[in-house]
Every structure is written in structure tokens, then in C-alpha cells.
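For reference, positions follow the sequence shown, starting with 1.
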Amino acid sequence: AYETGNVLATERLAAAAARAGVRRFVFVSSAKASGESSGGRPLSEDDPADPRDDYARSKLEAERRLLSVAAKSRLEAVILRPPLVYGPGARANLLALLRLVDRGVPLPVAGIENRRSLVYVGNLLAAIEACLGHPGAAGRTFFVADARPVSTPELVRAIAAGLGRPARMFRAPAALLPRSVRGSLELDTTRIRSALGWRPAVDFADGIAATCRWFAAARR
């Protein structure tokens with residue numbers, strides 16, 4: 001499914017765009033193409049790609065297929081690698097977390113001290129817009145993220161506050177928790193800031209508040 005939906009669909013769409021004379025193709029990939037952990041420093045776009053699952057590998061292969069199409073045509077490819085995207089309409093893991101916090105389910109994250117980059121959907125859309133029009137974006141790969149990373153407990157507390165719920169957390173052995181929960185994945189966004197002049201206009205507090213308002217309205 002990943003091969004069909006991420007790799008082949010991207011390659012065929014890029015080829016069709018090139019034949020139609022489209023000049024710029026912005027592909028929303030994933031930070032997971034770079035890896036699952038940033039270790040002791042933020043990841044940069046120059047670090048070797050290190051995809052760890054089928055989804056991440058399919059995103060990286062889609063990037064490569066797109067660049068191959070661009071190399072044989074006048075199509076200008078731009079690749080964005082966002083981390084977890086949050087905001088109104090959130091799905092997947094973030095939606096699951098919203099539901100757990102809303103139900104008051106205790107979460108085993110109290111002892112986690114990590115740093116994870118996130119990106120508010122409005123900030124991501126602004127980055128896409130910048131990539132579509134800026135001449136300095138052609139042929140480049142960019143990380144895109146909010147101004148600062150947050151820890152998993154900070155994310156839980158912010159969601160709880162936004163939903164008017166208590167933040168129920170307890171400590172558990174780190175080894176029992178998946179890397180996506182306990183690990184750090186911090187991205188260096190210097191390149192997109194310097195090359196395109198892009199800045200995230202919405203900060204985490206406002207973005208997560210908007211997300212919680214949407215969720216609260218949708219559950220009624």
C-alpha cells in the first residue's frame with residue numbers, strides 16, 4: 001500500500017506534471033525519512049537518511065523518484081520533511097492522544113525528558129506557499145517545524161489545559177515505551193529560514209489551543 005500510495009502515485013503525478021509543463025512540484029515527505037531520533041543534536045537535511053519503517057522508506061523512495069523525474073525535465077522539485085503535524089482536523093496518533101486525554105486516561109509519560117519538533121498545520125501551509133513561489137527553493141529539501149520543540153509531557157499538559165481536563169500522567173520504565181513516545185526528534189530549520197525567509201507565524205501555545213477547540217467542537 002505504501003509503495004502504491006506514496007511511491008508510484010508520486011512518481012506518476014510528477015511525470016504527468018512535467019508533461020503538462022508544470023514548473024514547480026512541492027512534495028510533502030516526512031521527517032521520518034531522516035530517522036526516528038535526533039540524538040544529542042537537532043537533525044539537519046545534510047544528515048544521512050535513516051528511515052526505520054515501511055512508511056518512512058516509501059517516503060524517501062518517493063523523494064528519489066520525484067528528483068529523477070525532475071532531472072529529466074524542466075520540473076523544479078522541492079521536498080518538505082515535516083514532523084508530526086497538528087491543528088484542526090488532526091488524525092492518527094495526535095487524534096488518539098486527544099481522545100485519551102479527554103477521557104482522563106492516565107498516561108505513562110511523566111518521567112520523559114525529550115525534545116520533539118512539531119509543526120502547526122498553518123505553519124506548514126505557509127511553508128508550502130513559500131516553496132511554490134521562491135526561486136531559492138528549486139531542487140532543495142527542507143525541514144519545516146515550529147519555532148521550538150516540546151516534550152511529550154508538555155504536549156499532554158497543553159492538550160489537557162486546552163480541553164479543560166486534568167493532565168493525568170505517571171512514571172513508567174522508559175524501556176517499556178516506544179521510541180516515538182520517549183525519544184527525541186528535533187529538527188534544525190535553519191535552511192528554510194535562511195533560504196526562503198520563512199518563519200512559523202503560529203506558536204505552539206496558540207496552535208495547540210486551536211487544535212483543542214476544534215476537537216471539543218467536533219465531539220459534541
Side-chain angles (χ1 to χ4, degrees), residues 6-7 9-11 13-18 20-52 55-87 115-150 183-208 210:
N6 287 341
V7 180
T10 301
E11 182 179 34
L13 181 60
V22 173
R23 294 301 306 274
R24 178 85 42 104
F25 190 113
V26 179
F27 177 57
V28 181
S29 182
S30 170
K32 287 171 66 68
S34 294
E36 294 285 351
S37 174
S38 53
R41 63 168 179 80
L43 290 177
S44 81
E45 296 91 344
D46 294 326
D47 288 321
D50 186 25
R52 294 301 183 94
Y55 170 79
R57 284 187 284 271
S58 72
K59 281 293 193 177
L60 182 61
E61 181 59 23
E63 292 180 12
R64 291 169 174 163
R65 300 280 184 96
L66 169 60
L67 292 174
S68 178
V69 171
K72 301 171 187 174
S73 67
R74 298 182 63 196
L75 187 72
E76 298 174 344
V78 187
I79 295 167
L80 284 176
R81 290 181 179 174
L84 185 147
V85 181
Y86 68 100
R115 294 171 63 84
R116 298 195 68 86
S117 290
L118 309 174
V119 64
Y120 179 65
V121 64
N123 293 334
L124 175 58
L125 291 174
I128 294 171
E129 184 176 14
C131 288
L132 283 169
H134 199 292
R140 306 193 72 179
T141 297
F142 299 106
F143 283 141
V144 55
D146 289 352
R148 67 176 184 87
V150 299
S184 292
L185 182 56
E186 186 176 0
L187 308 179
D188 183 347
T189 59
T190 300
R191 177 181 292 182
I192 192 170
R193 292 166 180 264
S194 299
L196 309 187
W198 172 85
R199 297 291 185 276
V202 180
D203 64 21
F204 171 71
D206 291 339
I208 205 67

K.L.:
Yes or no on side-chain contact (heavy atoms from CB on, under 4.5 Å) for Phe25 and Leu13, after CA distance, side-chain angles and deciding distance?
P.N.:
CA-CA 10 Å; Phe25 190 113; Leu13 181 60; 3.9 Å; yes

K.L.:
Would you find a donor on one side and an acceptor on the other, under 3.5 Å apart, between the side chain of Thr10 and the backbone of Asn6?
P.N.:
yes

K.L.:
Has the side chain of Arg191 got a donor or acceptor atom that lies under 3.5 Å from a matching backbone atom of Phe143?
P.N.:
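A pair under 3.5 Å: no.
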
K.L.:
Side chains of Asp46 and Ser44: any donor to acceptor distance under 3.5 Å?
P.N.:
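There is no such pair between these side chains.
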
K.L.:
Give a yes or no on whether a salt bridge exists between Lys59 and Glu63, defined as a side-chain N under 4.0 angstrom from a carboxylate O.
P.N.:
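Salt bridge between Lys59 and Glu63, a charged N being under 4.0 Å from a carboxylate O: no.
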
K.L.:
What closest approach, in Å, do Pro83 and Ser117 show between heavy atoms, and which atom pair accounts for it?
P.N.:
CB-O, 3.2 Å

K.L.:
Could you give the distance from CZ (Arg64) to CD1 (Ile79), rounded to the nearest 0.5 Å?
P.N.:
10.0 Å

K.L.:
Applying side-chain contact (heavy atoms from CB on, under 4.5 Å), run through Ser38 and Leu187 and close with a yes or a no.
P.N.:
CA-CA 8 Å; Ser38 53; Leu187 308 179; over 6 Å; no

K.L.:
For Val144 and Val119, work out which heavy atoms get closest and say how close.
P.N.:
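Distance-wise, the nearest heavy atoms are O-CB, 4.0 Å.
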
K.L.:
Output every pair passing side chain to side chain donor-acceptor pair (under 3.5 Å) with a member in residues 126-147, not counting sequence neighbours, ordered by first then second residue.
P.N.:
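Every side chain to side chain donor-acceptor pair (under 3.5 Å) pair that includes a residue of residues 126-147, provided the two are not neighbours, is Tyr86-Asp146, Asn123-Asp146.
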
K.L.:
Suppose we screen for salt bridge (charged side-chain N to carboxylate O under 4.0 Å, His left out). Which residues come up paired with Arg74, at least two apart in sequence or across chains?
P.N.:
none

K.L.:
With a cut-off of 6.0 Å (strictly less than), are more than 12 heavy atoms of other residues, nucleotides or ligands near CZ of Arg199?
P.N.:
yes

K.L.:
Start with the C-alpha gap between Leu185 and Leu84, add the side-chain angles, then the distance that decides, and say whether side-chain contact (heavy atoms from CB on, under 4.5 Å) holds.
P.N.:
CA-CA 10 Å; Leu185 182 56; Leu84 185 147; over 6 Å; no

